[in-house]
Amino acid sequence: MYPPLPYNVLLIGFMGTGKTTIARALSKKLQVDWVDLDRLIVDRAGMPITEIFETQGEPAFRALETQILEELSEKTGMIISCGGGVAMQPQNLPLLKKGKVILLTASPYTILRRVSHRNHRPLLQNRMNVPAIKELMEERQPHYKAVANIVIKTDGKPVSAICAQIIKRLYPTRLQSNVKVPRS
Ligand code: S3P
C-alpha cells in the first residue's frame with residue numbers, strides 16, 4: 001500500500017507520449033482513481049473531440065478543458081491524464097500547479113510511430129510526419145517544461161518501467177519493491 005497522495009498527479013506532454021496509458025497503469029499500481037481529461041470533455045460535450053473542433057472550434061474545446069480541470073483541481077488524490085494542449089493555456093497553469101505535474105516526453109519518431117494509425121487528433125491531421133511533429137513539439141516543449149515537477153523520457157521503455165520511475169519520484173523515501181534489504 002502506498003500512502004494517499006495529498007495532491008493530484010497530472011500527466012502532461014505531447015500527443016502520443018503515453019499519458020493515458022501511463023495514468024491508467026499508475027492508478028492501478030497506486031490503487032487510486034484515474035480520470036482522463038479528454039474523456040470527460042467528450043462525455044460532457046456529447047461528441048468526439050474532432051467534432052467539437054469542427055462544429056464549435058478549438059476555443060470551445062479549450063474552455064471546456066479549463067472548466068473541467070478547474071473542477072478536478074478542487075479534489076486531491078487522483079491521477080489525471082491531460083490532453084497535450086493543457087499547458088499551452090496560461091489560465092490552466094495555476095490549476096496544474098496545485099498538483100504534481102509529470103511531463104512525459106518522446107522523440108518525434110516515436111510519436112509518429114505511436115499516433116500514425118489513429119485519426120482522432122484534429123491537431124495532427126495535417127501533421128503526420130516527423131518535421132511537422134518536431135516543429136509543433138519544439139514550440140510546446142518550453143511550456144511543458146515550465147510547469148513540470150518531474151520529466152520522464154518514454155522512448156523504448158515499457159509501461160512498468162515508466163511507472164516505477166514515477167513512483168520513485170513520488171515516494172522518494174519509501175523502499176522500492178526491487179530494492180533488496182539485507183537481513184540483520
Ligand atoms: C491536443 C491533444 C489531445 C486532445 C486534443 C488537443 C493538443 O490529447 O486534447 O486533440 O492540443 O495537443 P492527447 O494529447 O491525449 O492526444
Side-chain angles (χ1 to χ4, degrees), residues 1-45 48-49 61-89 91-106 110-111 114-115 118 120-121 123 137 140-141 143-179:
M1 274 290 280
Y2 290 90
L5 295 162
Y7 44 72
N8 289 327
V9 172
L10 301 112
L11 284 117
I12 67 159
F14 201 80
M15 294 165 272
T17 47
K19 301 174 299 270
T20 307
T21 307
I22 299 302
R24 188 195 299 119
L26 198 57
S27 77
K28 270 199 189 144
K29 188 100 187 131
L30 298 178
Q31 295 184 325
V32 298
D33 289 337
W34 156 57
V35 289
D36 183 72
L37 196 44
D38 280 349
R39 199 339 80 77
L40 296 177
I41 295 170
V42 167
D43 288 350
R44 194 157 308 176
I49 292 178
F61 173 84
R62 297 298 172 199
L64 206 45
E65 187 173 55
T66 299
Q67 189 189 319
I68 296 174
L69 185 63
E70 217 156 28
E71 291 167 15
L72 295 175
S73 68
E74 276 159 23
K75 305 175 194 155
T76 57
M78 286 179 294
I79 312 280
I80 306 173
S81 39
C82 301
V86 130
M88 247 45 58
Q89 311 299 316
Q91 68 277 19
N92 293 341
L93 302 184
L95 301 172
L96 292 170
K97 283 182 181 155
K98 281 177 84 175
K100 190 78 96 179
V101 181
I102 301 181
L103 167 61
L104 299 183
T105 70
T110 304
I111 299 289
R114 290 180 187 163
V115 301
R118 307 285 308 271
H120 67 288
R121 295 180 171 98
L123 297 179
M137 190 185 280
R140 288 179 158 200
Q141 211 62 7
H143 296 270
Y144 293 144
K145 287 201 171 144
V147 74
N149 301 108
I150 298 169
V151 183
I152 309 273
K153 266 179 86 165
T154 65
D155 301 83
K157 287 183 196 158
V159 170
S160 57
I162 297 168
C163 287
Q165 244 181 303
I166 295 174
I167 291 171
K168 229 182 213 171
R169 299 289 300 273
L170 292 176
Y171 298 101
T173 54
R174 193 173 190 275
L175 276 178
Q176 304 301 318
S177 56
N178 58 352
V179 176

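Each residue takes its place number in the sequence, starting with 1. Side-chain atoms are counted along with the backbone in the values below, which use heavy atoms only and exclude waters and symmetry mates.
- By the 4.5 Å heavy-atom criterion applied to side chains, Leu5 and Tyr171 are counted as neighbours.
- Distance check: Leu10 CG to Ile102 CD1 gives 8.5 Å after rounding to the nearest 0.5 Å.
- Annotation: the span from Ile150 atom CD1 to Leu11 atom CG amounts to 9.5 Å, rounded to 0.5 Å.
- Distance check: Ile80 CD1 to Ser73 OG gives 7.5 Å after rounding to the nearest 0.5 Å.
- A donor-acceptor contact closer than 3.5 angstrom links the side chains of Arg114 and Thr154.
- The stretch residues 152-166 participates, sequence neighbours left out, in no salt bridge (Lys or Arg N to Asp or Glu O under 4.0 Å) pair at all.
- Here the side chain of Arg140 pairs a donor or acceptor atom with the backbone of Gly84 at under 3.5 angstrom.
- Thr76 is not listed as a side-chain neighbour of Pro6, based on a closest heavy-atom distance of 4.5 Å or more.
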Check: When you look at Arg44 and Glu71, which way does the salt bridge (charged side-chain N to carboxylate O under 4.0 Å, His left out) test go after all the steps?
Finding: CA-CA 13 Å; Arg44 194 157 308 176; Glu71 291 167 15; 2.8 Å; yes
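- Between the side chain of Lys19 and the main chain of Phe14, a donor-acceptor pair closer than 3.5 Å is present.
- Leu64 CG to Leu69 CG: the interatomic distance, rounded to the nearest 0.5 Å, is 11.5 Å.
- By the 4.5 Å heavy-atom criterion applied to side chains, Ile167 and Leu30 are counted as neighbours.
- The two residues Ala25 and Val159 make their nearest non-hydrogen contact at CB-CG1, 3.5 Å.
- A donor-acceptor distance shorter than 3.5 angstrom exists from the side chain of Asn149 to the backbone of Val101, with no hydrogens or angles considered.
- Tyr144 meets the ring pair (Phe, Tyr, Trp, His ring centres under 6.0 Å) test with no other residue; sequence neighbours excluded.
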Next item on the list: Quick one: do Lys145 and Leu103 satisfy side chain to side chain contact (heavy atoms under 4.5 Å, CB included)? Show the steps, please.
Entry: CA-CA 7 Å; Lys145 287 201 171 144; Leu103 167 61; 3.9 Å; yes
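- The structure places CD of Gln31 at 12.0 Å from CG of Leu26, a figure rounded to the nearest 0.5 Å.
- Counting heavy atoms from C-beta outward, Met15 and Leu123 have side chains that approach closer than 4.5 Å.
- The closest donor-acceptor contact from the side chain of Thr110 to the backbone of Ala106 lies at 3.5 Å or more, if one exists at all.
- The distance from the CD1 atom of Ile111 to the OG1 atom of Thr17 is 5.5 Å, given to the nearest 0.5 Å.
- Under the rule for a side-chain hydrogen bond (donor to acceptor under 3.5 Å, both in side chains), Arg121 has no partner lying at least two apart in sequence or in another chain.
- A 4.5 Å side-chain heavy-atom check between Asn92 and Arg62 finds every atom pair outside the cut-off.
- Checking each of Asn8, Leu72, Ile68 against Val35 for a side-chain contact (heavy atoms from CB on, under 4.5 Å) leaves exactly one that passes, namely Leu72.
- The minimum heavy-atom distance between Cys82 and Leu96, with the atom names listed, is SG-CD2, 4.4 Å.
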Checklist line | side chain to side chain contact (heavy atoms under 4.5 Å, CB included) evaluation trace for Trp34 with Thr20 | finding: CA-CA 9 Å; Trp34 156 57; Thr20 307; 3.7 Å; yes
